[in-house]
Amino acid sequence: MSSVNHHFPDPVIRRKFRQRLLRWYARHQRDLPWRKTSDPYKILVSEVMLQQTQVDRVIPKYKEFLRKYPTLQELAGASVGDVEATWRPLGYNIRPVRLHAIAQEAVGRHRGKIPDSLEELQAFKGIGRYTAGAVMSFAFRKDAPILDTNVKRVLQRVFLGSTNGNGSKPLKRLWDLSAALIPKGKAYDFNQALMDFGALICTARKPNCPNCPMQPFCLSYPWDKDNTPCPKLQRPSK
DNA sequence: CTCCAGCCCC
DNA sequence: GGGGCTGGAG
């Protein structure tokens with residue numbers, strides 16, 4: 001028995017999805033400041049800020065934060081209070097505290113570098129599976145999958161529709177999908193494209209199906225057919 | 001105003 | 001598998 005279905009999704013659909021996503025991205029990608037740097041520290045700052053905060057609110061604070069702490073070393077050398085104050089009013093104020101701790105640990109224990117493995121990244125408090133994948137693909141250009149809410153929604157709709165797939169846990173299924181779709185050596189563009197696609201076309205409410213390049217094979221197209229709500233990934237617990 | 005979402009921690 | 005913090009939807 002094989003535990004992984006190597007033919008899901010259909011290789012033809014898989015290829016079409018990649019092609020269409022990357023082509024769409026080439027024309028519609030957002031101009032975001034953290035896409036202009038390859039400094040893992042700066043990427044990490046952006047990802048932590050983006051964890052619970054919308055892009056528009058993050059952009060100005062990202063710039064201000066990096067003006068004040070341009071390097072990992074300078075962040076590590078600042079006082080926590082100072083970092084917290086700079087963070088305001090982004091909210092979720094545990095994040096700057098953890099980010100500061102990460103900087104200090106990296107300086108003290110990793111030769112002043114952000115580590116470049118999923119395991120080491122996830123060992124930090126404040127970096128979970130998503131953020132670790134984001135740093136691996138966006139900062140270190142590794143073919144690591146990501147799965148945040150946007151990506152979950154896109155993959156669920158296009159490849160699973162209203163079903164949960166082949167019996168395996170929905171979450172694992174989606175992580176596997178996210179990994180299986182990455183074109184070799186192109187996780188950076190592919191993952192960025194997935195995020196933009198989820199933010200601009202395959203939105204939570206009122207997805208823009210009429211302009212969606214995935215129409216021909218999307219299992220949820222057309223979305224408004226019978227006003228179906230987005231399939232829940234997991235049942236409410238109560 | 002209440003409720004829900006969302007990434008991470010425990 | 002539940003709670004926290006916080007913005008945004010209803």
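The model shown is predicted, which means the values in this text are computed figures rather than measured ones. Just so it is clear: chains get the letters A, B, ... in the order the sequence lines come, proteins before strands, and each one is counted from 1.
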For residues 30-37 of chain A, dump all side-chain donor-acceptor pairs below 3.5 Å to protein atoms at least two apart in sequence or in another chain.
| unit_1 | atom_1 | unit_2 | atom_2 | d |
| --- | --- | --- | --- | --- |
| A/Arg30 | NE | A/Asp196 | OD1 | 2.6 |
| A/Arg30 | NH2 | A/Asp196 | OD1 | 2.7 |
| A/Asp31 | OD1 | A/Lys36 | NZ | 2.8 |
| A/Arg35 | NE | A/Gln192 | OE1 | 2.9 |
| A/Arg35 | NH1 | A/Arg30 | O | 3.1 |
| A/Arg35 | NH1 | A/Asp196 | OD2 | 2.9 |
| A/Arg35 | NH2 | A/Gln192 | OE1 | 3.0 |
| A/Arg35 | NH2 | A/Asp196 | OD1 | 2.9 |
| A/Thr37 | OG1 | A/Asp39 | N | 3.0 |

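- By the salt bridge (charged side-chain N to carboxylate O under 4.0 Å, His left out) test, A/Asp143 pairs with no residue at all, sequence neighbours left out.
- Rounded to whole Å, atom P of B/dG6 lies 14 Å from atom CG of A/Leu174.
- Remark: A/Phe140 engages no residue in a ring pair (Phe, Tyr, Trp, His ring centres under 6.0 Å) (not counting sequence neighbours).
- Atom CE of A/Met49 is separated from atom P of C/dG7 by 15 Å (rounded to the nearest Å).
- A search for salt bridge (charged side-chain N to carboxylate O under 4.0 Å, His left out) contacts involving A/Lys63 returns nothing, not counting sequence neighbours.
- Atom CD in A/Gln52 sits about 13 Å away from atom C1' in C/dG3, given to the nearest Å.
- Shown for residues 119-145 of chain A: no residue has heavy atoms falling under 4.0 angstrom of DNA chain C.
- Pairs of residues two or more places apart, or lying in two chains, that qualify as side chain to side chain donor-acceptor pair (under 3.5 Å) and include a residue from residues 87-96 of chain A are A/Thr53-A/Arg95.
- Atom P of nucleotide B/dA5 and atom CG of A/Asp148 are separated by 16 Å, given to the nearest angstrom.
- Atom CG of A/Leu44 and atom P of B/dC8 are 11 Å apart (whole Å).
- Applying the side chain to side chain donor-acceptor pair (under 3.5 Å) test to residues at least two apart or on different chains, the pairs with a partner in residues 124-142 of chain A are A/Glu47-A/Tyr130, A/Gln51-A/Thr131, A/Ser137-A/Asn191.
- A/Phe124 meets the ring pair (Phe, Tyr, Trp, His ring centres under 6.0 Å) test with A/His110; sequence neighbours excluded.
- Judged as a ring pair (Phe, Tyr, Trp, His ring centres under 6.0 Å), and not counting sequence neighbours, A/Tyr41 has no contacts.
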Could you pull out the protein-nucleic contacts involving nucleotides 8-10 of chain C (nitrogen or oxygen on both sides, under 3.5 Å)?
| unit_1 | atom_1 | unit_2 | atom_2 | d |
| --- | --- | --- | --- | --- |
| C/dG8 | OP1 | A/Gln54 | NE2 | 2.4 |

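- Residues that satisfy the ring pair (Phe, Tyr, Trp, His ring centres under 6.0 Å) test with A/Phe8, not counting sequence neighbours, are absent from this structure.
- One can place CE of A/Met195 at 12 Å from P of B/dG6, the figure rounded to the nearest angstrom.
- Phosphate proximity of B/dC7 to A/Thr149: present, with a side-chain N or O under 4.0 Å from OP1 or OP2.
- Atom CD in A/Gln156 sits roughly 13 Å away from atom P in B/dG6 (whole-Å rounding).
- Using a 4.0 Å cut-off on heavy atoms, the residues of residues 80-106 of chain A that approach DNA chain C are A/Gly91, A/Tyr92, A/Asn93, listed by number.
- Looking at A/Lys61 and A/Glu64, a side-chain N of the basic residue comes within less than 4.0 Å of a carboxylate O on the acidic one, giving a salt bridge.
- When the P atom of B/dC8 is taken as reference, atom CD of A/Glu47 falls 9 Å away, rounded to whole Å.
- One finds a salt bridge joining A/Lys172 and A/Asp176 here, because a Lys/Arg side-chain nitrogen approaches an Asp/Glu carboxylate oxygen to under 4.0 Å.
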